[in-house]
Structures are given as structure tokens and as C-alpha cells.
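Below is one structure, written out as C-alpha cells; comments come after it.
Small disclaimer: the values here were computed from a predicted structure and weren't measured. All ligand and atom numbering here is 1-based and tracks the order in the structure.
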Amino acid sequence: MKITAITIFPDYFAPLQLSLIGKASQGGVIELRILNLRDFTTDSHHTVDDTPYGGGAGMVMKPEVWGDAIDSVLAEAVGIADLVILTPAGKKFTQAIATQFSKAEHLIFACGRYEGIDSRVTTFYQNQKNLRVHEVSIGDYVLNGGEVAALAITEAVVRLIPGVIGNPDSLVEESHNQAGVVEYPAFTKPPEWRGLKVPEILTSGNHGAIANWRAEQAEIRSQNANREQE
Ligand code: ADE
């Protein structure tokens with residue numbers, strides 16, 4: 001899978017060299033490219049933003065610069081690309097969307113800053129062939145830009161690509177595989193820590209009883225997790 005991120009802060013993406021995503025990149029499972037948006041400016045100040053039409057606070061990212069940057073990526077693209085525009089106004093990112101993106105040929109992240117990217121960029125690319133456009137938010141809070149959102153999405157997506165996680169079984173019983181359902185609590189050695197004992201049933205050797213207990217615990221945790229979101 002190709003992953004291209006367009007940003008004014010390429011350094012934000014350094015963590016993708018680490019851990020499993022770093023290995024996937026070094027091993028060729030993903031082909032990662034980070035483009036500096038300012039390389040697509042044409043003025044001596046490398047301006048990427050301007051004041052909003054209609055007035056108001058903040059700055060809006062200029063469509064010409066974004067258009068030139070995205071066009072340069074699409075010029076090299078083969079097949080269908082998925083353009084992911086990060087914005088708190090987008091569709092909420094979920095495990096289901098991560099699964100959908102994990103089958104993409106080429107994910108292109110457009111990391112906006114300030115008050116976002118001129119809205120015509122989304123409209124224009126929605127009408128282009130060989131491209132799907134997604135406006136995506138990672139949650140109901142406002143970040144300073146899309147970079148951290150792109151990192152989170154990349155990690156959630158790349159770990160689902162076959163071969164990235166050593167033991168694919170760990171992807172089977174995982175939180176959020178079903179919407180609203182989270183995993184049972186986990187315990188390891190020692191059997192007692194700071195006065196807290198591991199639930200006896202887990203050391204009983206009774207696999208049926210353990211499975212039932214875990215299902216019950218997952219249900220309780222799921223109810224709590226969903227309640228906390230309200
Ligand atoms: N940019 C700023 N806030 C964001 C959010 N919550 N999700 C995605 N992109 C963003």
C-alpha cells in the first residue's frame with residue numbers, strides 16, 4: 001500500500017519509522033512518502049494560507065497550493081487513490097473505516113492546519129475519476145492540525161494489513177471489531193500484585209468457564225465504554 005501525507009510539518013511523521021509500522025515501511029509492505037506542502041507554493045514567502053472570505057478569526061489554507069500538491073501525487077498514482085482530508089468536521093473514524101482503508105491501494109492524507117483547507121478542494125476532487133474523497137475526524141475535539149489524526153489513522157490501518165502483526169490471531173478478538181464492543185480485561189503474572197489477585201477463574205484451566213467469564217466482562221466493559229462516550 002502506498003501512503004502519502006501532505007503537511008507543512010513533515011517532522012510530525014518521524015514516529016512512523018518506529019515499531020511495527022517502521023518495519024512495515026522498511027520491509028516494503030507500505031511505501032510511505034511525506035510531502036511538504038510549502039514545496040508547492042509559488043511565492044517567495046511560501047504562503048499556504050489567507051484570510052477567510054466572509055470574515056472571522058483564523059486563516060484558511062489556499063486551494064491552489066493544495067491543488068498543485070494533490071495533483072502531483074495523483075500524476076504518479078496508478079489505480080484508485082483514497083484522499084483522506086483530516087478535519088474535525090469529517091466522518092468519525094472507526095475500526096470499520098480502518099478495515100476499509102486497509103484494503104486501499106493508495107491513501108493520501110491531506111493534513112490541514114489553521115481553520116482548515118478551502119472547501120473547494122474537497123468539492124473539486126470529489127468530482128475526479130480514480131479517486132475517492134473522505135473527510136475524516138478522529139474524534140469530537142479540535143487538534144491544531146491533521147497530522148496527529150493522520151498518524152493515528154495510519155497506525156490503525158497498517159496493523160490490519162496482512163503480515164504486519166506477527167500473530168494475526170491477535171486481530172481476531174479485538175476491541176471494536178464489532179461496533180461498540182470492547183475486549184475483556186487482561187492479566188499476566190504475578191498471580192498477586194499489590195494485594196490484587198488475578199481472577200481465580202483464569203487459573204482454573206476450565207476453558208469453557210473462562211470463555212464465558214470473558215464474554216461477561218467484555219459486555220460490562222462495553223456498556224461502560226459506551227456510557228462514558230455520552
Ligand atoms: N484536525 C483538527 N482536529 C481534528 C480532528 N479531531 N480529527 C481530524 N483532523 C483534525
Side-chain angles (χ1 to χ4, degrees), residues 1-16 21 30 32-41 46-70 73-74 81-104 106-126 131-160 175-176 179-180 182 225-226 228-230:
M1 180 195 288
K2 279 189 173 186
I3 299 179
T4 306
I6 310 170
T7 172
I8 56 168
F9 292 118
D11 290 348
Y12 255 100
F13 291 86
L16 294 180
I21 311 295
I30 57 168
L32 196 63
R33 207 148 66 102
I34 314 297
L35 297 184
N36 191 336
L37 183 70
R38 289 197 199 276
D39 292 343
F40 298 89
T41 55
H46 302 291
T47 310
V48 293
D49 60 347
D50 207 335
T51 52
Y53 275 121
M59 299 290 269
V60 178
M61 295 190 102
K62 293 165 72 60
E64 316 93 296
V65 185
W66 273 105
D68 287 352
I70 294 168
V73 177
L74 294 178
D82 287 89
L83 174 64
V84 181
I85 300 177
L86 285 325
T87 160
K91 186 172 172 184
K92 197 87 60 72
F93 185 65
T94 59
Q95 190 67 19
I97 299 176
T99 303
Q100 180 197 334
F101 285 175
S102 73
K103 294 165 189 154
H106 188 178
L107 283 181
I108 304 166
F109 290 111
C111 303
R113 285 255 143 189
Y114 317 117
E115 294 304 307
I117 301 172
D118 185 306
S119 203
R120 288 170 291 182
V121 173
T122 302
T123 309
F124 177 84
Y125 287 103
Q126 271 168 345
L131 182 67
R132 290 180 288 248
V133 180
H134 317 263
E135 286 189 322
V136 177
S137 162
I138 60 162
D140 292 343
Y141 41 81
V142 179
L143 303 165
N144 286 334
E147 286 78 6
V148 168
L151 282 174
I153 294 172
T154 300
E155 182 155 317
V157 167
V158 172
R159 64 191 292 286
L160 297 177
S175 293
H176 304 298
V182 300
N226 294 323
E228 280 155 23
Q229 276 164 25
E230 283 160 15

Nearest-contact summary for [atom] - protein heavy atom, Å:
atom: atom 6 (N) of ligand 1; answer: Tyr141 O, 2.8 Å
atom: atom 7 (N) of ligand 1; answer: Ile138 N, 3.0 Å
atom: atom 9 (N) of ligand 1; answer: Thr87 N, 3.3 Å
atom: atom 3 (N) of ligand 1; answer: Leu143 N, 3.0 Å

- [ ] Show your reasoning for whether side chain to side chain contact (heavy atoms under 4.5 Å, CB included) applies to Thr51 and Val60.
- [x] CA-CA 6 Å; Thr51 52; Val60 178; over 6 Å; no
Task: Ion pair check, Asp49 and Arg113, cut-off under 4.0 Å - done: no
- [ ] Identify which one of Asp68, Thr47, Val48 satisfies the side chain to side chain contact (heavy atoms under 4.5 Å, CB included) criterion when paired with Lys62.
- [x]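 Among Asp68, Thr47, Val48, the one that satisfies the side chain to side chain contact (heavy atoms under 4.5 Å, CB included) with Lys62 is Thr47.
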Task: Trace of the side chain to side chain contact (heavy atoms under 4.5 Å, CB included) decision for Ile6 with Ile108 - done: CA-CA 8 Å; Ile6 310 170; Ile108 304 166; 4.1 Å; yes
TODO: For Ile70 and Tyr125, run side chain to side chain contact (heavy atoms under 4.5 Å, CB included): C-alpha distance rounded to whole Å, both residues' side-chain angles, the deciding distance at 0.1 Å, then the answer.
DONE: CA-CA 9 Å; Ile70 294 168; Tyr125 287 103; 3.6 Å; yes
Open item on the list: I'd like to know if the side chain of Thr94 pairs up with that of His176 as donor and acceptor (distance under 3.5 Å, no hydrogens or angles considered).
Closed with: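 Per modelled atom types, Thr94 and His176 side chains form no pair under 3.5 Å.
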- [ ] Answer with side chain, backbone, both or neither: which part of Val136 has a heavy atom less than 4.0 angstrom from an atom of ligand 1?
- [x]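 The part of Val136 near ligand 1 is the backbone, not the side chain.
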Task: Location of contacts on Ser137 toward ligand 1, heavy atoms closer than 4.0 Å - done: both
- [ ] Please could you name the atoms of ligand 1 that Gly139 approaches to less than 4.0 Å, counting only its heavy atoms?
- [x]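 With Gly139 as reference, the close atoms of ligand 1 come out as 6 (N).
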Open item on the list: Test your reading of the structure: does Ala149 have an N or O sitting under 3.5 Å from an N or O of ligand 1?
Closed with: no
